[in-house]
Amino acid sequence: MKSEPEEFSIDALERVGTEPWTGVRNYQARNFMLKDMKVGDPILFYHSNCAVPGVVGIAEVASTPYPDPTQFDAASDYHDPKSSREEPRWWMVDVRFVRKFGRTVALEELKARADDFGDFALLRRGNRLSVLPVSAAQYKRILSME
DNA sequence: GCCAACGTTGGC
DNA sequence: GCCAACGTTGGC
């Protein structure tokens, strides 16, 4: 899961412990949370749009999916007037801090070893998804690079 | 249903 | 700050 550190960093997650992952407004990203995530699943926490983009730590799925409350809030930047409580459009999970890496496993390093990762959504050209799948093998490989 | 225009993401 | 890539919107 990607986050801009200036908005919400791994350190911020450590401070709060658990964070509702509000604001995802992309159907593919939503579907990963709605359909593929199970409580306790590990999450790679990725810092984007910063000096050294990369994986900075581990979190875990801390809830089953539920409707993102910000979609119903007219005052929120994430308000969606086309959504309703009867048929919510946007779903999310809570994310719990597990641990911060000793260092950032930079995107640059992942790219340099792209052959080791096979088909990896993060490394696909033009990838812009904020929530994307990681295989067990890819996950282990990134942990080994920490 | 096509597709140009537009807005956003995110690396660099 | 630039700009490529991509998703969404809306006119037709």
Side-chain angles (χ1 to χ4, degrees), chain A residues 1-16 18-37 41-63 65-135 137-146:
Chain A
M1 298 178 91
K2 294 182 190 172
S3 187
E4 300 190 16
E6 286 190 19
E7 295 296 322
F8 190 77
S9 67
I10 186 84
D11 294 324
L13 182 62
E14 181 168 19
R15 282 194 293 275
V16 298
T18 300
E19 178 75 2
W21 211 253
T22 56
V24 172
R25 294 294 179 270
N26 170 285
Y27 286 104
Q28 247 187 304
R30 177 207 66 179
N31 286 345
F32 291 131
M33 290 195 286
L34 178 60
K35 299 177 179 182
D36 296 335
M37 288 189 177
D41 279 352
I43 295 166
L44 293 170
F45 199 95
Y46 179 94
H47 279 175
S48 66
N49 212 6
C50 56
V52 184
V55 182
V56 293
I58 305 292
E60 67 181 6
V61 177
S63 76
Y66 61 99
D68 181 340
T70 63
Q71 71 194 300
F72 309 124
D73 178 0
S76 169
D77 287 344
Y78 301 119
H79 180 234
D80 184 348
K82 293 176 181 169
S83 186
S84 69
R85 291 184 186 276
E86 293 70 34
E87 280 188 79
R89 177 176 298 193
W90 304 112
W91 294 71
M92 48 169 273
V93 297
D94 291 344
V95 173
R96 182 186 299 126
F97 176 82
V98 174
R99 69 183 179 87
K100 184 181 176 179
F101 283 175
R103 68 182 201 90
T104 299
V105 177
L107 176 62
E108 187 178 28
E109 299 171 59
L110 302 181
K111 283 182 169 174
R113 295 175 58 177
D115 290 348
D116 297 340
F117 285 97
D119 186 21
F120 190 8
L122 185 69
L123 299 178
R124 278 183 213 147
R125 200 168 70 111
N127 147 62
R128 286 169 47 194
L129 282 173
S130 62
V131 180
L132 44 86
V134 181
S135 74
Q138 289 159 350
Y139 178 84
K140 283 179 192 166
R141 185 162 293 281
I142 287 173
L143 289 201
S144 78
M145 292 169 70
E146 179 194 354

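Here is the naming used below: chain letters follow the sequence lines, and residue numbers restart at 1 for every chain.
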Subject >> Start and end of the DNA chain C segment that chain A contacts, any atom under 4.0 Å from a heavy atom >> reply: C/dA5 to C/dT8
**OP:** Might you confirm whether atom CD of A/E146 has over 12 heavy atoms from other residues, nucleotides or ligands at distances under 6.0 Å?
**Re:** yes
Subject >> Where at least one partner belongs to residues 42-52 of chain A, residue pairs that pass side-chain hydrogen bond (donor to acceptor under 3.5 Å, both in side chains), sequence neighbours excluded >> reply: A/E4-A/N49
Subject >> Residues in side-chain contact (heavy atoms from CB on, under 4.5 Å) contact with A/R96, at least two apart in sequence or another chain >> reply: A/T18, A/E60, A/A62
Subject >> Test side-chain contact (heavy atoms from CB on, under 4.5 Å) applied to A/K35 - qualifying residues, sequence neighbours left out >> reply: A/N31
**OP:** Kindly state which residues belonging to residues 122-132 of chain A come within less than 4.0 angstrom of DNA chain C, counting heavy atoms of the residue only, listed by number.
**Re:** A/R125, A/G126, A/R128
Original post:
Taking only residues two or more places apart in sequence, or in another chain, which ones meet A/Y139 in a side-chain contact (heavy atoms from CB on, under 4.5 Å)?
Top reply: A/P42, A/L44, A/I58, A/V134, A/L143
Original post:
Hey, can you pull the residues of residues 101-120 of chain A with a non-hydrogen atom under 4.0 angstrom from DNA chain B?
Top reply: A/L107, A/K111
Original post:
Which residue pairs satisfy the side-chain hydrogen bond (donor to acceptor under 3.5 Å, both in side chains) criterion with at least one member in residues 122-134 of chain A, sequence neighbours excluded?
Top reply: A/D119-A/R124
Original post:
Restricting to pairs with a member in residues 24-34 of chain A, which pass salt bridge (Lys or Arg N to Asp or Glu O under 4.0 Å), not counting sequence neighbours?
Top reply: A/R25-A/D68
Original post:
Residues in side-chain contact (heavy atoms from CB on, under 4.5 Å) with A/P20, at least two apart?
Top reply: A/T22, A/Y66, A/M92, A/D94
**OP:** Determine whether A/V131 and A/M37 make a side-chain contact, defined as any pair of heavy atoms from C-beta on separated by less than 4.5 Å.
**Re:** yes
**OP:** Check whether any side-chain heavy atom of A/P88 sits under 4.5 Å from a side-chain heavy atom of A/Q71, and report yes or no.
**Re:** yes
Original post:
Among pairs that include at least one residue of residues 77-98 of chain A, which meet ring pair (Phe, Tyr, Trp, His ring centres under 6.0 Å), considering only residues two or more places apart or in two chains?
Top reply: A/Y27-A/W90
**OP:** For DNA chain B, determine which residues of residues 26-33 of chain A have any heavy atom closer than 4.0 angstrom to one of its atoms, and list them numerically.
**Re:** none
Subject >> Side-chain heavy atoms of A/I142 within contact of A/F120, under 4.5 Å >> reply: yes
